[in-house]
Amino acid sequence: SFLQLSPKQESHLKLLLQDNATTIISGQQPVIAGGALYCALKAMSALHHAKHINTLHNDIPVIPIYWVEDNDHDLEEIATSYRLTSDLQVQAITYPESIQSIRHGIGDIVFDEHILEVSQQLFGGTKSSYQDSAHNIFTSHYHIGGTFTRGFIGILNMLFAEQGLLFVSSRVLRLMGLMQSVILRDAEHPNVTNLALEKGSAEVVRAGFHAQVQGAEVNFFFHDPRVGRIKVKQRTDKKYILGNTIVSHTELCTQIRTNPELFSSTVVIRPVIQDSLFPNLAYIAGPGELAYFAQFKEVYEAFNMTMPAILLRHTATILPQKLMQGLDAIGGWTSLLVPDNEREHLLNNYVRSTSAFLQLDEYKSSIMATLDTMKQHIVSGDSTLLSTMSGIEKRVMSAVEHGIHKAIKSTKRRDIAVVDRIRRAGAWVYPKNHLQERLLSVLWAIETFGVQGFTDILHQVVEHNSHMHTLVLF
């Protein structure tokens, strides 16, 4: 390991070797800058549930583990981090050289001088309270010669080492050949896993939900140094595409036996591999994962394994206390969970809801009624004037609407403090039309709240029921 383990981590590592040890696992791909906030929420949820079970059953060690899925090759997603700037604009920062044609596993990519550009993008602007500290943290974990895996684990380890969270790299497990048994079984019995998944998927569909995960005859990747990580596929003639070569079923199985370090799982058998290596009680899943785990019960059964409990991770939104003022007038902070254009519509409705504008709406209704009465009276005398009167009615009401619109804009300028506060709250709650926890990075939280402040926020979140979204005010 490249980590200096804390005393609690060393204790957990020793306990994990006991025959009666169990685990609580969560995990994520190693996104740059510590990943989105939910990456930290997953870790905190795993720690919380492990501690809770340990309290109830102190004779059985329950070890929290974070599975870092660094065999993945979704480099575009992994290489981009988001932060909220001082003027509340969403800034995307990307490691440029990671977007390349060869689909290497994330853990195989070594940073070059372009990582210095990322640091400049992150910390070249306006200073924040904890920016110097965040800068030092970033550069100590993300530097030339470093990797996405080491950087990601380094930041999360800084937050959770003292609580004893252990980290596992799926790439290291692959290189050690520890994925071999499950992958080989999937290869030796083509389509068996897929049929089990289809059975579980059918149950999900019957319950009225969408089956998110699709299987195949075999469910693993081949790591070819020449072309990268490529999905192994069965052809119609029952031969297999292995990188840029074609092999028979026997040759495929022989390759897995001989070179297990060249094979990694798809999402279909990744949980099975995970739970074949660790005595797992439960997996801490996000809402999306929770949905597709509903398809997996029969997959576990196909491998003669029992599926662990799947627990929902904690979810949260962080908002400055001062921005809560006035939000009740628009229906509370959850009303801000809408796209930007709808938020502006919300502001217009807020302005309209003031007593002055309620009166304007009454005047508008009165004008409409008067115009309609006049139109009916005139048309009753001469029906050929219907089109003329309808046109007049339309032009008058358009002028009225234009006047009200200008009045709203004027009131917005006059009530700029209230409108600005609502806009700022919206930028916090739903940045770039995404939930805060799914977009803004862990490093942004450290930059904004400091390490201790962010840790305190995470502790507040796990005090609440994980089935209820938590609003944390600071």
Side-chain angles (χ1 to χ4, degrees), residues 6 8-9 26 28 31-48 51 64 66 81-91 93 119 122-142 151-165 167 313-325 327 333 336 421 424-431 434-464 466 468-474:
S6 71
K8 192 68 175 285
Q9 286 174 316
S26 193
Q28 195 63 37
V31 182
I32 198 166
L37 295 174
Y38 71 82
C39 295
L41 287 167
K42 279 185 163 186
M44 198 69 197
S45 291
L47 285 161
H48 170 77
K51 182 179 179 181
Y66 202 97
S81 171
Y82 297 90
R83 63 190 289 268
L84 208 56
T85 63
S86 57
D87 58 353
L88 299 184
Q89 298 299 307
V90 174
Q91 179 188 12
I93 297 97
S119 181
L122 277 168
F123 302 106
T126 306
K127 292 281 185 181
S128 62
S129 302
Y130 300 99
Q131 192 173 76
D132 288 340
S133 174
H135 187 195
N136 291 336
I137 289 167
F138 182 82
T139 54
S140 67
H141 297 296
Y142 291 90
F152 180 79
I153 292 177
I155 287 183
L156 293 189
N157 189 63
M158 178 192 63
L159 294 170
F160 304 113
E162 295 305 315
Q163 298 174 68
L165 183 65
F167 295 89
R313 69 167 171 84
H314 290 80
T315 65
T317 296
I318 311 166
L319 187 64
Q321 175 78 52
K322 62 184 179 182
L323 295 184
M324 282 292 287
Q325 299 174 18
L327 293 186
W333 75 272
L336 299 172
R421 190 160 58 241
R424 290 174 69 83
W428 270 81
V429 169
Y430 209 56
H434 289 78
L435 286 174
Q436 180 193 91
E437 63 173 30
R438 297 201 60 81
L439 187 75
L440 301 181
S441 73
V442 170
L443 190 71
W444 166 80
I446 292 171
E447 178 188 354
T448 306
F449 312 111
V451 173
Q452 188 58 54
F454 182 46
T455 304
D456 290 344
I457 286 171
L458 292 172
H459 279 286
Q460 286 185 53
V461 172
V462 296
E463 289 174 1
H464 296 82
S466 64
M468 300 290 289
H469 190 83
T470 302
L471 176 67
V472 179
L473 300 176
F474 73 96

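The figures here come from the full heavy-atom set of this structure, side chains too, leaving out hydrogens, waters and symmetry mates.
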Side chains of [X] and [Y], heavy atoms from C-beta outward: is any pair under 4.5 Å?
{"X": "His135", "Y": "Glu447", "value": "no"}
{"X": "Thr317", "Y": "Val472", "value": "no"}
{"X": "Leu440", "Y": "Pro431", "value": "yes"}
{"X": "Ile32", "Y": "Ile93", "value": "no"}
{"X": "Thr470", "Y": "His314", "value": "no"}
{"X": "Val451", "Y": "Met158", "value": "yes"}
{"X": "Lys51", "Y": "Leu47", "value": "no"}
{"X": "Ile155", "Y": "Ile446", "value": "yes"}

For [X] against [Y], the heavy-atom pair lying closest together:
{"X": "His48", "Y": "Val462", "answer": "CE1-O, 3.3 Å"}
{"X": "Glu162", "Y": "Lys8", "answer": "O-CB, 3.6 Å"}
{"X": "Ser6", "Y": "Ala161", "answer": "OG-O, 2.6 Å"}
{"X": "Ala445", "Y": "Leu37", "answer": "CB-CD2, 3.7 Å"}
{"X": "Val442", "Y": "Gly34", "answer": "CG2-O, 3.3 Å"}
{"X": "Ala40", "Y": "Leu458", "answer": "CB-CD1, 4.2 Å"}

Can Leu336 and Leu319 be said to form a side-chain contact (heavy atoms from CB on, under 4.5 Å), step by step? CA-CA 12 Å; Leu336 299 172; Leu319 187 64; 5.8 Å; no
Please check this pair: side chain of [X] against backbone of [Y], looking for a donor-acceptor N/O pair closer than 3.5 Å.
{"X": "Gln163", "Y": "Phe160", "answer": "no"}
{"X": "Tyr142", "Y": "Phe152", "answer": "yes"}
{"X": "Glu437", "Y": "Tyr38", "answer": "no"}
{"X": "Tyr66", "Y": "Ala46", "answer": "no"}
{"X": "Gln436", "Y": "Ile318", "answer": "yes"}
{"X": "Gln9", "Y": "Leu165", "answer": "yes"}

When rounded to the nearest 0.5 angstrom, what is the spacing between [atom1] in [X] and [atom2] in [Y]?
{"X": "Thr315", "Y": "Arg438", "atom1": "OG1", "atom2": "CZ", "answer": "11.0 Å"}
{"X": "Leu88", "Y": "Arg424", "atom1": "CG", "atom2": "CZ", "answer": "4.5 Å"}
{"X": "Leu122", "Y": "Thr139", "atom1": "CG", "atom2": "OG1", "answer": "10.5 Å"}
{"X": "Gln91", "Y": "Arg83", "atom1": "CD", "atom2": "CZ", "answer": "5.0 Å"}

Do Gln460 and Asp456 have side-chain N/O donor and acceptor atoms under 3.5 Å apart?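 On atom types as modelled, these side chains do not qualify, holding no pair under 3.5 Å.
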Pair Met44-His459, side-chain contact (heavy atoms from CB on, under 4.5 Å): steps then yes or no: CA-CA 8 Å; Met44 198 69 197; His459 279 286; 3.2 Å; yes
Ring pair (Phe, Tyr, Trp, His ring centres under 6.0 Å), paired with Trp444, selected from Phe138, Trp428, Tyr130, Phe454: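 Per the ring pair (Phe, Tyr, Trp, His ring centres under 6.0 Å) rule, the option paired with Trp444 is Trp428, out of Phe138, Trp428, Tyr130, Phe454.
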